[in-house]
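Source: prediction; values computed, not measured. If you read the sequence from its start, that first residue is 1, and numbering goes on from there.
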Amino acid sequence: MSDKMPNMDYDADEVISNFKSKFKWPGKSEVEVVVTPPKIGLKILISILLTIVASGILYYAIFPALNFKTSEFYTFLIAIVAIFMAMFAVVLGARKKVERKEYVKKKSIIPVIIVLVIAVVMLIGWLFGATLFRAKSYSKLMEVSNSNFTEDFSSINYDEVPRLDAATAKVLADQQLGQLDEYKSQYVVSQESTQINYKGKPVRVAYLNYADVFRWFSNTKNGLPAYMLIDLVSQKVQVVNCVDKFGEGIKYSPSELFNEKLIRHLRFQYPTEILDAPNFEIDDEAHPYWITPVLDKKIGLFGGRDVKGVIITDALDGKSHYYDIETVRTDKELNWIDVVYSENLVCEQYNYYGRYAHGFWNSVFFQKDVSVVSDGCGNIALDDDVWVYTGVTSNESDTSNFGFILCNQRTKETRYYKNGGATENSAKTSATDAVQNYGYQATFPILLDIEGQPTYFMSLYGDSFTVKGYALVNLDDKTIVGTGLLDVAKSDAKALNAAVENYIDALKDEGKVDESANADDYKVDETTDTQQAADTEEAEEPAAEEGKQEEQPQGNTVEGEITDIKTSVNDGNTVYYLQVNGKYYYIKVTDCMDVLLMNKGDKVVITFDKADGNFVAAKTVTKK
C-alpha cells in the first residue's frame with residue numbers, strides 16, 4: 001500500500017457545481033416547444049367559420065359603415081382579428097395543453113402585425129386630416145356671404161313667426177297624446193322633432209316611440225299608428241293617424257328593434273355609406289318619410305365631414321331612394337324636403353370657417369378675426385325653406401354677439417349679418433326679468449325686423465309649458481323690452497299686439513326710431529283668435545265620443561261632470577287636470593286645495609280667463 005496521499009489540491013464546491021451544470025434541466029425561458037397540432041388545416045378552417053359567424057353577429061349589432069373613411073370600419077377589422085385569434089385558441093385547446101398555447105403565441109405574430117398596420121393607417125389618416133396641417137381646407141368647407149338684414153327679413157310676417165320651440169312643442173304633443181285612450185298607454189312622443197314648412201306654415205313633426213319593450217312586442221306587427229303635427233303659430237296639435245289616412249302604420253323607425261330598425265334597415269341597403277342622423281319629415285300630402293343625409297369626409301381620412309347626398313325612405317314600406325346633394329338643391333319636386341344639413345353640422349362648419357380662415361396658429365395665438373357661433377341656435381322660415389339662425393361671437397366667452405348667420409338647411413346657403421348686440425341667452429334673461437313677478441320662462445329667440453331694428457322675439461310660458469305671453473328684446477340694446485301677457489290682454493292676438501306697442505314705445509323713448517313709427521304696421525288681426533277657436537271646435541267635433549260632448553256654457557264659466565283626472569309635477573308644483581265637457585282644465589294644488597278631494601263623476605263649476613285649445617288654465621274649481 002502506498003504511503004502517498006492523494007492530491008487534495010482542488011475546490012470541492014467548484015467540482016460539484018461543474019458536475020451539476022452538465023446535468024442542469026433547461027429553464028422555461030431557455031427552450032421553445034412549438035408542436036404543430038394534428039389536423040391544423042381543418043382547425044384553421046373551423047376557426048375561420050366561427051369567426052365569420054361571430055363577426056356577422058357583431059356587424060348586425062353595431063352595423064358600422066364599410067367605408068375606409070370611418071374609424072368604426074377599422075375598429076371592426078381589429079375586432080375581427082381578435083375574434084379569429086380567440087376562436088383559434090379555443091379550437092386548438094390552448095387552455096388545456098401548454099404546447100398548444102405556445103403554438104398559438106407563435107402564430108399570433110401575423111395578427112399582431114395586421115393590427116399594428118391598421119393602427120398606423122388610422123394614425124396617418126388622422127394626421128393628414130388634422131386641423132394643425134389642414135386649417136385652410138377646413139375653413140373652406142362652408143361658403144359665407146355677407147347680406148343685408150333689412151332686405152332679407154322684410155318678407156317674414158310677424159303673425160307667422162313660430163311661437164313654440166322644440167321643448168314647448170314636445171310638451172304640447174305629450175299632452176295631446178295623453179288624451180287619446182288608444183295611444184296613451186302604448187306610445188310616447190319621441191324626444192326628437194323636426195321643424196319644417198308644411199303648406200306655408202312652420203310646424204314640427206314628431207314620430208312616436210313604443211312605451212317599452214313589452215309594448216313593442218304587442219304592437220310592432222302593425223308598426224307605429226300615427227305621428228304628431230304641431231302648428232308652431234296656432235299652437236294646435238294634431239295626431240295624424242297613418243292607418244286611417246294611408247292604410248298602414250309606420251313600420252320603419254328608430255324605435256324598432258330588429259330588421260325594421262331604421263339605421264339597420266338603411267345599412268343593409270347602403271352598406272358603404274356614412275349616414276348622419278335621420279330626420280322625420282312629411283311631404284305636401286302628409287305622407288311620412290325619413291330624410292337621411294349621406295356624409296363624406298373631405299379632409300384626410302376622418303376630417304371635414306360634409307353632406308354628399310340624401311336617402312329618402314318611405315316610413316311606411318321602407319323603400320329608399322338616393323339623391324346627390326345637387327339634385328336635392330335644384331330639383332323642384334324635392335323642395336318639400338327641409339332638413340338636410342343638421343344644426344350641429346352647420347355650427348361645426350361655421351366654427352371651422354371662423355377659426356381657421358387665417359390659419360391654425362392664428363386661431364391659437366393671435367386670434368385675428370376669429371369667430372365662433374354662440375351658445376344655442378333656432379329656426380326660422382324664409383323663402384319657403386327652414387334656416388338655422390345663430391349668433392356669432394368671439395372665441396372667448398363673450399356676453400355679446402358681433403353678428404349672426406342664417407344657413408339654409410336644404411342647400412347650405414349661408415348668410416352673415418353684421419348686426420351686433422346681445423346674445424340669445426342675454427335676451428332671454430332680459431325677457432324673463434321683465435315678467436319676473438310671474439315666474440315665466442322664455443323660448444329660444446327668433447330674429448325679426450321691426451322698424452329696421454333687429455329684434456329678438458320670444459314666447460313666454462309658465463309651469464304647464466303653455467304660452468302665457470310674448471316678449472320683444474332689441475338686439476343692439478337688451479334693456480329695450482316690450483311684453484304682452486295673455487292674463488292681461490285676454491287673447492293671443494291682443495297679447496302679441498300689446499308686446500309690439502310696448503316695444504315700439506320703448507324704441508321711441510330711447511331714440512332708436514322716430515315718432516312716426518306706427519305699431520299698427522306690425523299688429524295682427526285680433527279676429528283670428530275667434531276664427532281659430534271656431535276652426536278648432538269644428539275639427540274636434542267629429543272626434544268627440546257620442547254623449548261626451550256637451551254644449552259649452554257662454555262666458556268664463558263651465559259646469560259639468562269630471563270624466564277624467566290627470567296629475568303632473570311641474571317645477572315642484574302638483575297640477576291637476578280635470579276633463580270636463582271634452583276639455584282639460586288645469587290648476588295647481590297650491591291654488592285650489594279642493595281638487596285633492598275631487599273624483600271622476602263629481603259635478604264641478606270651473607272659472608277661467610280663456611278657453612283656447614284642449615288645455616285651459618282654471619282660476620277656480622268648486623263642487624256643485
Kindly assign one of parallel, tilted or perpendicular to the pair His287 and Tyr289, based on the angle between their ring planes and the thresholds 30° and 60°. tilted
Residues which pass side-chain contact (heavy atoms from CB on, under 4.5 Å) with [X], listed by chain and number, not counting sequence neighbours:
X	result
Arg134	Ser137, Tyr138, Ile299
Pro225	Tyr183, Tyr187, Val243
Ser190	Ala206, Tyr207, Asn209

Got [X] and [Y] here, is their nearest side-chain heavy-atom distance under 4.5 Å?
X	Y	answer
Ile83	Met87	yes
Trp126	Leu301	no
Ser193	Ile230	no
Val104	Met85	yes
Lys412	Cys407	yes
Phe76	Leu58	yes

Suppose we call two aromatic rings close when their centres sit under 6.0 Å apart. Are Phe73 and Phe68 close by that rule? no
Test of understanding: with side chain to side chain donor-acceptor pair (under 3.5 Å), list the residues that count as partners of [X], not counting sequence neighbours.
X	result
Lys308	Glu273
Ser320	Gln269, Thr313
Asp338	none
Trp361	none

Determine yes or no for a side-chain-to-main-chain donor-acceptor pair under 3.5 angstrom, with Arg410 supplying the side chain and Arg329 the backbone. yes
Taking salt bridge (Lys or Arg N to Asp or Glu O under 4.0 Å) as the test, write out the residues that go with Glu260, two or more places apart. none
Less than 3.5 Å apart, any donor N or O on the side chain of [X] or [Y] sitting next to an acceptor on the other?
X	Y	result
Ser147	Asp152	yes
Tyr210	Glu256	yes
Tyr60	Asn259	yes

Show every salt bridge (Lys or Arg N to Asp or Glu O under 4.0 Å) that has at least one partner inside [range], sequence neighbours left out.
range	answer
residues 214-223	Asp212-Arg215
residues 281-305	Lys69-Asp296, Lys298-Asp306, Arg305-Glu348
residues 374-384	Asp383-Arg415
residues 52-67	none

Looking at Phe258, I'd like to know if the NZ or CZ of Arg264 sits under 6.0 Å from its six-membered ring centre while staying within 45 degrees of the ring's axis. no
For Tyr417, the option from Phe404, Phe402, Tyr389, Trp387 that meets ring-ring contact (aromatic ring centres under 6.0 Å, His included): Phe404
